[in-house]
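What follows is a set of notes on a single structure, which appears directly below.
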Amino acid sequence: MFERVKNWFKERINMDDLPFFRTPDYMYHVGDWLGALVAGAFFYTVISGLILLLYYNPEAGYEATQTIINKVPYGSVVLYSHLYGAYAMIILAYIHMFRNYFVGAYKKPRELVWILGVLMLAITLGTSFLGYSLIGDVLATSAVDVGAGILSSMGLGFLVPIFFGNYSAGDYARVLGLHIIFVALIGLLFIVHFFLADVQYGMMPSRKVKDKVPAVYPKAQWTKFNPWWPRNFIYMMSLVFLTWGFILIVPNLLVYLNGLPQIANPFLNPKPAPPPNSPAAASVTTYPPWFFLFLYKIADFPATLTENIVIGVFIPLIYLLIVPFIDRTDELHPLKRKLFTWIGVVMIVFLIQTSLWGDLAPGVPVTWSQVFEAYLPPAIISAVGIWLIPPPSKANYKALVNPLTMLGFVTITIMFVGSVFEIMVSPSLSSVVLVGLFASAFVTLGKLLSPYITRTESGSVEKASISGNESKLIIKKNIAEILMIVLMIIAIVIAANMWTIPTTGYFSNLFGVDLGILFVIIGEEFSLYHYIVYKKPVEPEE
């Protein structure tokens with residue numbers, strides 16, 4: 001049956017002739033497909049946004065939001081997952097961007113791909129801010145007030161009515177219009193970005209294959225790789241459905257968490273706050289959406305608002321746009337580009353640190369000494385840490401720096417910095433012990449991280465024979481087939497029960513949880529099918 005469907009599409013669309021990039025066997029892991037995850041989140045958000053557009057009345061933003069949540073069948077499921085689809089897109093875009101930053105994917109000939117990606121992230125943040133404002137609650141109004149204040153402080157007050165219209169009266173027509181325009185702009189940039197990344201240059205080869213620029217496969221070599229249809233398509237669909245599943249599951253479970261502490265609300269609460277003119281609004285601590293908490297805190301710094309925005313926003317953005325032209329080395333390994341690696345680590349640390357600071361102390365002015373105490377230690381510690389890690393000294397050393405590795409490094413750095421900050425603020429025996437523990441962990445990490453980053457895959461390690469691998473693979477494929485059947489049965493049971501869930505009311509979000517589980521199962525089915533059909537006993541590097 002599947003073969004007939006596959007051949008039908010293959011004949012009608014001429015799948016084999018599509019100029020999409022052919023993929024080497026070793027690239028079928030999520031680290032090389034982060035762009036597909038971002039695209040999956042983007043398409044889900046667009047689809048759910050179009051559904052919401054059928055019911056949303058921009059002239060009465062808050063009332064329309066409440067109508068969607070309480071009266072439209074499964075409206076809250078669509079609304080909350082639309083919100084978290086945007087959140088997922090932002091998080092995945094950050095991971096995608098910094099992953100490409102550390103592997104040097106901005107270098108020749110991918111400069112334009114990189115620049116488009118940075119612009120898309122910036123526009124995504126603006127689009128998400130506008131979409132968040134459409135809710136019309138006290139938090140959205142407060143966030144728009146902050147945005148309007150920033151524009152006015154920069155001498156761009158004339159843009160406030162153009163961007164936000166008469167939002168203070170509950171009319172979000174202008175915000176909705178710009179929200180849709182920005183989404184369309186992301187779509188246009190995505191087409192160009194995808195064309196350049198997939199059709200022109202293809203996926204970036206592993207450093208085992210290319211450790212210096214230009215990191216591209218010659219087009220003549222592409223014929224050796226797997227065609228886009230059907231293997232790449234099946235693998236991509238597994239990632240897309242898994243992404244959609246978690247976008248549905250997470251917010252529709254979080255909606256049942258009540259009484260969250262104030263500091264958790266920006267990250268974990270998908271429900272709207274009270275309307276801005278209600279008595280309940282007076283008891284709400286206002287804060288922007290979590291992805292702009294860093295901007296919220298930057299506004300508390302002692303310089304003028306314009307200077308703070310330039311330092312905290314425009315300079316990092318300009319740096320990211322021009323980094324392909326100032327990092328002129330041919331090296332791709334992050335430890336052979338230590339200055340730029342350090343800047344990347346510092347940017348991640350500062351982004352997380354400032355966001356948490358904005359969440360813990362919103363609207364509290366800070367002094368320059370506090371700014372230096374907060375930001376100088378992680379910058380120094382990161383520099384020392386990166387300097388201590390030796391670059392690979394042998395040609396056959398294989399770098400394993402990836403987002404998880406960098407996240408671990410960042411986490412340890414933040415914990416170490418936090419303990420240093422604690423001893424500076426309130427010195428005590430316990431804070432001394434804390435610093436000692438985290439300092440030990442940091443030094444230990446430096447020793448442990450080095451062999452991971454420069455882990456060798458030398459010939460001294462004997463590989464299992466092909467015949468042995470084939471036997472093990474057959475067993476694994478048999479298990480995968482059984483898992484596919486089990487998952488299919490579970491999916492049928494869930495699908496049969498989910499239609500009994502009320503369309504509105506307290507329990508309606510369980511429909512979103514079940515639908516998300518179904519998507520996860522479908523994604524796993526695609527993944528298992530990909531494994532059963534295409535997995536080879538030995539998948540060589542090149």
Side-chain angles (χ1 to χ4, degrees), residues 94-95 97-107 207 294 297-298 301 311-313 315-320 322-357 366 368-393 397 399-425 434-455:
Y94 268 124
I95 295 174
M97 183 187 74
F98 279 112
R99 184 264 182 191
N100 284 346
Y101 178 89
F102 289 119
V103 301
Y106 54 76
K107 288 175 171 285
R207 280 195 297 275
F294 77 96
K297 194 60 199 174
I298 286 173
F301 289 2
I311 295 172
V313 177
I315 289 179
L317 179 61
I318 292 172
Y319 167 77
L320 290 172
I322 65 173
V323 68
F325 310 105
I326 57 178
D327 180 3
R328 306 299 296 175
T329 65
D330 291 338
E331 300 289 348
L332 293 174
H333 198 292
L335 293 179
K336 292 183 177 178
R337 301 180 286 117
K338 290 194 172 186
L339 172 62
F340 295 96
T341 299
W342 172 72
I343 294 174
V345 171
V346 167
M347 290 178 76
I348 295 175
V349 172
F350 283 6
L351 183 62
I352 297 174
Q353 189 180 11
T354 313
S355 297
L356 293 176
W357 199 1
V366 297
W368 281 121
S369 62
Q370 290 175 310
V371 172
F372 286 119
E373 287 172 3
Y375 293 117
L376 203 55
I380 295 174
I381 293 171
S382 300
V384 173
I386 293 173
W387 178 77
L388 285 175
I389 300 173
S393 57
Y397 274 12
L400 294 178
V401 172
N402 54 44
L404 288 179
T405 307
M406 299 312 300
L407 182 61
F409 181 79
V410 168
T411 302
I412 291 297
T413 302
I414 291 176
M415 293 169 69
F416 186 26
V417 171
S419 64
V420 173
F421 184 75
E422 176 67 19
I423 198 173
M424 293 172 64
V425 174
L434 204 62
V435 170
L437 288 174
F438 286 129
S440 301
F442 184 76
V443 173
T444 304
L445 176 68
K447 294 178 180 178
L448 295 176
L449 197 59
S450 178
Y452 275 102
I453 292 177
T454 60
R455 191 176 69 181

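The figures here come from the full heavy-atom set of this structure, side chains too, leaving out hydrogens, waters and symmetry mates. A quick note: this is a predicted structure, and the numbers were derived from the prediction, not measured.
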Nearest-0.5 Å distance that lies between atom [atom1] in [X] and atom [atom2] in [Y]:
X      : Y      : atom1 : atom2 : result
Ile343 : Phe350 : CD1   : CZ    : 11.0 Å
Leu317 : Ile322 : CG    : CD1   : 10.5 Å
Arg207 : Lys336 : CZ    : NZ    : 9.5 Å

Just jot down the side-chain hydrogen bond (donor to acceptor under 3.5 Å, both in side chains) partners of Lys107, sequence neighbours excluded, or say none.
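Here the qualifying residues are Asp327, Thr329.
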Atom of Gln353, atom of Ala374 and distance for their closest heavy-atom approach: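 Looking at all heavy atoms of both residues, the closest pair is NE2-O, 2.5 Å.
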Problem set entry | For the student: nearest non-hydrogen atoms of Gly104 and Leu332, plus distance |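 In this case the closest contact between Gly104 and Leu332 is O-CD2, 3.6 Å.
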Chi angles and distances behind the side-chain contact (heavy atoms from CB on, under 4.5 Å) call for Phe301, Ile311: CA-CA 11 Å; Phe301 289 2; Ile311 295 172; over 6 Å; no
For [X] and [Y], indicate whether the former's side chain and the latter's backbone hold a donor-acceptor pair under 3.5 Å.
X      : Y      : value
Lys338 : Ile389 : yes
Trp342 : Ala379 : yes
Arg337 : Phe102 : yes

query = Please walk me through it: do Tyr94 and Ile348 pass side-chain contact (heavy atoms from CB on, under 4.5 Å)?
reply = CA-CA 9 Å; Tyr94 268 124; Ile348 295 175; over 6 Å; no
Could you check Tyr375 against Val346 for side-chain contact (heavy atoms from CB on, under 4.5 Å), going step by step and ending with a plain yes or no? CA-CA 9 Å; Tyr375 293 117; Val346 167; over 6 Å; no
**Message:** By the definition ring pair (Phe, Tyr, Trp, His ring centres under 6.0 Å), identify the one residue from Tyr101, Phe98, Phe340 that meets it with Tyr106.
**Reply:**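 Result for ring pair (Phe, Tyr, Trp, His ring centres under 6.0 Å) with Tyr106: Tyr101.
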